[in-house]
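For reference, the structure is listed below as structure tokens.
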Amino acid sequence: MSTVTFALRDSATMLRRNLRHMRRYPSLTFMLVGMPVVFLLLFVYVFGGTVGGNLPGVDGTGRRAYADYLAPGILVVTVVGTATGTAIGIAMDMTEGIIARFRTMAIFRPSILFGHVVGAVIQSMIAVVFVTVVALGVGFRPNASPVEWLAAVGVIAMVSVALTWLAVALGLVARTVESASNLPMPLLLLPFFGSAFVPTDTLPGPLRWFADHQPFTPIIETLRGLLLGTAIGAHGVVSVAWCLGIALLGFVWARAAFERNVARPAR
Amino acid sequence: MTGSTVARAIAARDLRKAYGDTVVLDGIDIDVPAGSVFALLGPNGAGKTTAVHVLSTLIPADGGTAAVAGHDVAIEPDAVRAAIGVTGQFSAVDGLLTGAENLRLMADLHHLDRAVVDGRVADLLERFDLVDAATQTTATYSGGMRRRLDLAMTLVGDPRVIFLDEPTTGLDPRSRRALWQQVRDLVATGVTIFLTTQYLEEADQLADRIALLDGGRIVAEGTPAELKRLVPGGHIRLTFDDPAQLDAAALALAGSERDDDALALDVPGGSDIARLRAVLERLDRDGIAVEGLGIHSPDLDDVFLAMTGGHR
């Protein structure tokens, strides 16, 4: 077998291991779905009545209109949430003796990380499906064509891959499981300072500038455009650029951190 | 490559490792002939685990060279990894997988043919007495079961050189003896074993050669018999009610060491049954009344006291 075949085979083995872990320990997945669902219900039913009436550039008023506006942002929040779960998962895994065993075996080393990343992307897609169903239940009415749906799935997958690599790096550099759960917190807050919950036009000066120039706003606007037909403009290209950049940073950082861990195992 | 190198499963020269200012390995040489059992004996913190980590490619050495199964650990780590199996001090099993799944995971990572995997897994479960627990997640296993599974996982890839880092630490005596038997069975198949332990008895039971590691240096090396000759034997400690009896006993048992404060006498020359009987017969003959008796067997402390001149 060639090196590439070995690399694929080892990565598939590691993926199977991670999927088994998710099945055996489903509470983490439930928690990852639960958080965005709580946000969705809270914002639609508590704030939706007020906010929904005052959305510039959004058709309709009230809770239903706000559900439409909110849903794409909540889907991105779901993806961020699963990524933070990955940081915790990988930090926990690194404390296990079996990782040291893997390092003494003639395997394709990055397969350990690939298994985590692919597993996490699958987990986040499952979470996104759940959250989408709940969103449809509270009045989200996308008007996307099949092609636009496909593109939306692609955008979510792209965001998930990028954030997961970043989360893997954060999980590897964290010295404890606790710090691994705290390090990605800023990521969870970023969508709030973007266009997830309100249009950026409604924000005060400096905050608005920040919201317009951070990665989550173009990503959310792209998704919103695909699902609801709002204008996408340059947001699509900017999103792809951000995701590529974040993925590359996360990948390089994660690989370096993983190799550095070899140099200082627990004695 | 010369013939003598091939016959050596492990050859290390002047191996050095430090973490910051803390020197962990201070230039050690190790030679393990293929098919033999080598024990690295030392207290906690002596550098045993670090030696295993360097030889098993887990961490790079700061200096020196090491070859395992004919391959340099720094230059061809993957060739070394393909030839070795490591059972570390800390359990290296996946707690969320079952026993059988753990073994299957190893089989997949060794790229074993699917056709042989089932047979191999079933064999190992049988051999390590894990058939009943095969479908339980290992989080439910006892310490002894985890250690057995750990060793079974190490064997999935048929390694030629096996590292066992304190394999019986924390095990009850019965599990310890069972594991010793597993190791002996392995040796019979011709593999080389590199064992670390804090127990003199364990090294004595299993190893062909023993090296004593202290403070990152090998302070003595030899066969168990050679090392035991270097170690003062055990002694018998007698305690008395009455100083007069202590005086009489000290006179009767020449060469013994008296402890007047405790009214005790340490009698050297071993602590086995024959020696015990001889000492008691002598006391009987002289009509000396002994109040208490204690037996002190030689242990790792004695070995180290002898080797390091008491600087511990």
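All chains are named by letter (A, B, ...) in the order of the sequence lines, taking the proteins before the strands, and each is independently numbered beginning at 1. On a predicted model such as this, the values are computed, not experimentally measured, just so you know.
H110(B) contributes atom NE2, which lies 11.5 Å from atom OG1 of T13(A) (distance to the nearest 0.5 angstrom). Residue L97(B) holds its CG atom at 7.0 Å from CD1 of I98(A), rounded to the nearest 0.5 Å. Of the inter-residue distances, the one linking F102(A) atom CZ with D94(B) atom CG reads 6.5 Å to the nearest 0.5 angstrom.
For the pairing with L109(B), the side chain to side chain contact (heavy atoms under 4.5 Å, CB included) check across M14(A), R9(A), R101(A) returns one residue only, M14(A).
The environment of F30(A) atom CZ is sparse: at most 12 non-hydrogen atoms of other residues, nucleotides or ligands sit within 6.0 angstrom. For CZ of R16(B), the number of neighbouring non-hydrogen atoms (other residues, nucleotides, ligands) closer than 6.0 Å is greater than 12.
For chain B, the nearby part of R16(A) is the side chain; its heavy atoms alone come within less than 4.5 Å. Residue T137(B) touches chain A through its side chain alone, counting heavy-atom pairs closer than 4.5 Å. With a 4.5 angstrom heavy-atom cutoff, N102(B) touches chain A only via side-chain atoms. With a 4.5 Å cut-off on non-hydrogen atoms, F108(A) does not touch chain B at all. If you measure heavy-atom distances from V86(B) to chain A, the contacts under 4.5 Å come from both the backbone and the side chain.
Nearest heavy atom pair, residue L105(B) against residue R17(A), reads CD2-CD, 4.0 Å. The two atoms that bring A106(A) and A82(B) nearest to each other are CB-N, 3.8 Å, heavy atoms only. A92(B) and G97(A) get closest at one heavy-atom pair: CB-O, 3.5 Å.
The candidate from D108(B), T154(B), V80(B) with the greatest count of non-hydrogen atom pairs under 4.5 Å with chain A is D108(B).
For the pair R81(B) and R103(A), the minimum side-chain heavy-atom distance is 4.5 Å or more.
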Any chance you could lay out the side chain to side chain contact (heavy atoms under 4.5 Å, CB included) test for H53(B) and T104(A), step after step, and finish with the verdict?
-> CA-CA 9 Å; H53(B) 283 174; T104(A) 65; over 6 Å; no

Please test R20(A) against T98(B) for side chain to side chain contact (heavy atoms under 4.5 Å, CB included), starting from the C-alpha separation and ending with a verdict.
-> CA-CA 10 Å; R20(A) 274 218 176 89; T98(B) 68; over 6 Å; no

